[in-house]
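Scroll down for the structure; my scribbles are underneath it.
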Protein chains: 2
Amino acid sequence: MAERVTIGDLAQRLGLSKASVSYALNGRPGVSAETRARVLALARELQWYPSSSARTLSGARTGVVGLVLSRDPDLLGTEPYYMLVLSGIESALIEAEYGLLLRMVGTEPGRDLAVYERWAGERRVDGVMLFDQRRDDPRIPLVRHLGLPAVLNGAAEPGAALPAVVPDEHGDADRVVEHLRDLGHRRIVHLAGPSGLLHEQRRDQLVRAAADRTGIVVETVEGDYTMGTAERLTTERLQHGPGPTAWVASNDVMALGVVRAAARAGMDVPGRMSVVSWDDSLLCEIGAPPITALDRHPRDFGRRCAQALLAVIAGTPDEDTGPRPSELRVRASTGPAPA
Amino acid sequence: MAERVTIGDLAQRLGLSKASVSYALNGRPGVSAETRARVLALARELQWYPSSSARTLSGARTGVVGLVLSRDPDLLGTEPYYMLVLSGIESALIEAEYGLLLRMVGTEPGRDLAVYERWAGERRVDGVMLFDQRRDDPRIPLVRHLGLPAVLNGAAEPGAALPAVVPDEHGDADRVVEHLRDLGHRRIVHLAGPSGLLHEQRRDQLVRAAADRTGIVVETVEGDYTMGTAERLTTERLQHGPGPTAWVASNDVMALGVVRAAARAGMDVPGRMSVVSWDDSLLCEIGAPPITALDRHPRDFGRRCAQALLAVIAGTPDEDTGPRPSELRVRASTGPAPA
DNA sequence: CTGAAAGCGCTTACAG
DNA sequence: CTGAAAGCGCTTACAG
């Protein structure tokens, strides 16, 4: 059982005041270089670590940022996307010696709000990362009221008045639509995620805008990110008779559902219909056929999100480098539009 | 910007001492029921929350447990297993009003050790969860030396002298081997994960033991959990000529690699060889063919891990309910051994 | 360049 | 049942 070494112990051993030791440890002026060296050497030798609670209590930062995930845990398990974003977040935090407090609250509305309130009240975190933004998202006024530094990730609500990190939404939509246009598709279905999510609305708008420019007609169908629902919706649409020759699904799992429904309906992919996924993953690679997908560099995105929040916390101007352009991984699920 | 409400504010407003307020808030004896009610009412009205740092500094728990993940982030992204375990952990922590401090450090050896040291020194967490145990795992003496409560999850090293939560290892091995035996397989390959991991060693022993009992011969091949390596190893083995008629892979991603290699070698699955995955996931469901897999209830396992750690922290006897038996999901990748 | 002191917001013996 | 006081381990003006 390691004995706790305090700043007082160091001061006593060195014949200094606690203040001097503190200044030395924190690299602040007020001590000679020699004293500083002695302090640092002893601190290392005795394996001194600052008590995070004592530090925070006397006004310092907590060194922790918070993330509340309010998606269905089962969905989180199937979509690799979030795990990759998480790992990107971690990579940026580690460099800044920051920790991540993670909370998965499920989808019951409002449960996430209670967490932010508590974190702010308890002074647990220096800031929070907000994902999956909704229109008139209650989290935005809440964090402002709480004085909790925050960054919006994934979609910028106009006038949200919070810093935001956004993917290359325009480029993504263009890449997908242009690929289908080049293959001769003139009618496509956009199988979107829940329309309550702002980035789904944006995406749909941008897909439509890109399609308009090239004379492509878009039907939008609202899914819920699960394979089962995607399969059912696709089946229903196919029963309405043909029309669209290509499907764009908002995540990899739904894209698989589309492919399944096509198989069940006897529609060859890509012979009679093409399928594109908005997220790439191993699921897309091993699909039968493998699915053309947009690699949006989720880890890179996670990094940017964390960096933006750290910048807000530090009070430094945001140095967001901007999105790294996504890459469309063309696979066997897309082909020329049937004549 | 919410003004911070302190216990002193409450005391002043109510004409009480801070001590009385503290007792009332913490449900400790020393205040009348009426006083307690007044305190609680005002605390709620003013949205008072205890400062976590102040509480911790005066000896209380942090209300946070730590988890260091030292797997390759790309692997974490492809394997749904960990995300599900995480969500199980969260579900138990939420009930206990505990938070999770998460750290993903990559695979460089020793980086995780520095994190435990720091967390202990800074008094950041009340305990840690240890996954992916290795033989002579340096984390075990470390956490003991640091006095950091910990639980070993996934494999019990004999004499490790730390509480452990284990899956139903015997049952798992039996279920897999018996399924293959019933199908008439007499020679199988166990495509294991890295042998440095204790649970992989255990698993191999148990597979061999179960096989011995039924007269099945086992070859063990060591993989690294990736699809690419699994594919390569399988291809190499198949070039040595036939022999084994069934492959058991230690995770879903490797099982897919085996199937791919078989397809490339023109070996029909399950006609000429059967494939079983030790983990179930969407990847197994959508494989071509869908892969027979062991559903080990990862969320349930995560819950048990968190509960065990909370019990250690609370000093209460561990009430582990024991593993929920896994279920083998039989799919098209397993069939009768070829004659 | 260094030291004595107050303060952060709680908890907890100790008196009354 | 209640209050005054010390203490947790830091940081930070303020004197010297």
Side-chain angles (χ1 to χ4, degrees), chain A residues 2-40 42-43 46-64 118-126 147, chain B residues 2-40 42-43 46-64 118-126 147:
Chain A
E3 284 298 312
R4 177 158 229 1
V5 180
T6 72
I7 224 174
D9 299 331
L10 298 180
Q12 197 179 347
R13 289 244 207 170
L14 294 164
L16 295 170
S17 71
K18 293 194 299 175
S20 300
V21 172
S22 175
Y23 290 140
L25 256 11
N26 291 304
R28 309 199 54 193
V31 283
S32 66
E34 193 210 322
T35 305
R36 187 181 308 275
R38 284 174 56 217
V39 171
L40 291 176
L42 186 64
L46 299 185
Q47 304 205 55
W48 172 85
Y49 286 91
S51 151
S52 59
S53 54
R55 243 191 193 165
T56 302
L57 185 56
S58 48
R61 292 177 185 136
T62 63
V64 173
R118 204 173 140 181
W119 280 351
E122 297 182 347
R123 293 280 190 272
R124 277 245 182 239
V125 297
D126 295 335
Chain B
E3 284 297 313
R4 179 161 228 358
V5 180
T6 72
I7 223 172
D9 300 330
L10 298 180
Q12 199 179 345
R13 289 245 208 170
L14 293 164
L16 295 170
S17 71
K18 293 194 300 177
S20 301
V21 172
S22 174
Y23 289 140
L25 257 9
N26 292 302
R28 310 199 53 193
V31 283
S32 67
E34 193 208 321
T35 305
R36 187 183 308 276
R38 285 174 57 218
V39 172
L40 291 176
L42 186 65
L46 300 184
Q47 304 204 57
W48 172 85
Y49 286 90
S51 150
S52 58
S53 53
R55 246 192 190 163
T56 303
L57 185 56
S58 47
R61 293 179 185 134
T62 63
V64 172
R118 205 174 139 181
W119 280 350
E122 296 181 347
R123 291 285 189 270
R124 278 247 181 235
V125 297
D126 294 335

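Here is how names work: the chains are called A, B, and so on, in the same order as the sequence lines, proteins then strands, and each is numbered from 1. Fair warning: this is a prediction, and the values are worked out from it, not measured in the lab.
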Name all residues meeting the side chain to side chain donor-acceptor pair (under 3.5 Å) criterion together with B:R55; count only those two or more places apart in sequence or in a different chain, and write none if there are none. B:N26
How would DNA chain C look in dot-bracket form, 5' to 3', counting Watson-Crick and G-U wobble pairs with both distances under 3.5 Å and writing | for bases paired to another strand? |||.||||||||.|||
Separation of B:L57 atom CG from D:dC8 atom C1', in whole Å? 4 Å
Which residues pass the side chain to side chain donor-acceptor pair (under 3.5 Å) test with B:S17, not counting sequence neighbours? B:S20
Just by modelled atom types, is the B:S52 backbone N or O under 3.5 Å from a matching donor or acceptor in the B:T56 side chain? yes
Contacts of A:R124 meeting salt bridge (Lys or Arg N to Asp or Glu O under 4.0 Å) (sequence neighbours excluded), chain-then-number -> A:E122
Which residue, B:V31, B:L10, B:V39, forms the side chain to side chain contact (heavy atoms under 4.5 Å, CB included) with B:L16? B:V39
Reported OG1-to-CH2 distance for the pair A:T6 and A:W48, which is rounded to 0.5 angstrom: 9.5 Å
Rounding to an integer number of Å, can you tell me how far A:R38 CZ sits from C:dC1 P? 15 Å
Could you walk me through whether A:L57 and A:R123 satisfy the side chain to side chain contact (heavy atoms under 4.5 Å, CB included) test, starting with their C-alpha distance in whole Å, then the side-chain angles of each, then the deciding distance to 0.1 Å, before giving a yes or no? CA-CA 9 Å; A:L57 185 56; A:R123 293 280 190 272; over 6 Å; no
Base versus backbone protein contacts along nucleotides 11-16 of chain D [heavy-atom cut-off under 4.0 Å; B, S, -]: BBB---
Please give, in whole Å, the distance from D:dG9 P to A:Y49 OH? 17 Å
A:T62 meets the side chain to side chain donor-acceptor pair (under 3.5 Å) criterion, sequence neighbours left out, with A:D126
Given C:dT2, is OP1 or OP2 found less than 4.0 Å from the side-chain N or O atoms of A:T35? yes
Atom pair distance, as rounded to whole Å: CG in B:L14 and P in D:dG3: 11 Å
